[in-house]
Participant: 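Handing you a structure now.
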Amino acid sequence: MDSTLLKFTLPALTALAISTTAASAVEQNCRFIQAKPDREACYKRQEEELAERHKPAAPTGESKTLETLCQMRQDDDAVYRSINNICRGC
């Protein structure tokens with residue numbers, strides 16, 4: 001059982017180490033650029049890439065959900081109105 005666990009965890013840990021190393025290497029490249037304009041341009045590119053990665057999800061799903069909820073509420077109101085018109089003891 002230990003060898004099976006080792007077979008799966010070792011590749012996963014290796015992939016994790018490689019991915020974190022590559023991400024940190026990209027961020028550290030700018031500080032070694034000697035020319036100030038080039039260095040600032042590098043930092044600006046990094047900020048733009050970071051902003052793209054952390055961009056919130058598209059609001060289309062949210063608006064669709066809100067639209068669906070509003071439609072359900074209207075349907076419920078129509079059903080409640082029709083139920084109130086039913087004679088219950090005639």
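Quick caveat: nothing in here was measured; it's all calculated off a predicted structure.
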Participant: For a 4.5 angstrom cut-off between non-hydrogen side-chain atoms, does Arg39 reach Phe32?
Facilitator: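 Contact flag for Arg39/Phe32 side chains = no.
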Participant: Which value, rounded to the nearest 0.5 Å, describes the distance between Glu67 atom CD and Leu69 atom CG?
Facilitator: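 Those atoms lie 10.5 Å apart.
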Participant: Calculate, to the nearest 0.5 Å, the distance between atoms OH and CG belonging to Tyr43 and Asp38 respectively.
Facilitator: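 Going from the OH atom of Tyr43 to the CG atom of Asp38 covers 12.5 Å.
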Participant: Return each pair, listed once, that meets side chain to side chain donor-acceptor pair (under 3.5 Å) where at least one residue sits in residues 69-81; pairs must be two or more places apart or across chains.
Facilitator: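 Listed by first then second residue: Gln71-Asp75.
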Participant: Apply side chain to side chain contact (heavy atoms under 4.5 Å, CB included) to residues Cys42 and Arg45 and explain how you reach the verdict.
Facilitator: CA-CA 5 Å; Cys42 181; Arg45 277 193 310 269; 3.7 Å; yes
Participant: What's the separation between atom NZ in Lys44 and atom CD in Gln46, rounded to the nearest 0.5 Å?
Facilitator: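 CD of Gln46 is found 13.5 Å from NZ of Lys44.
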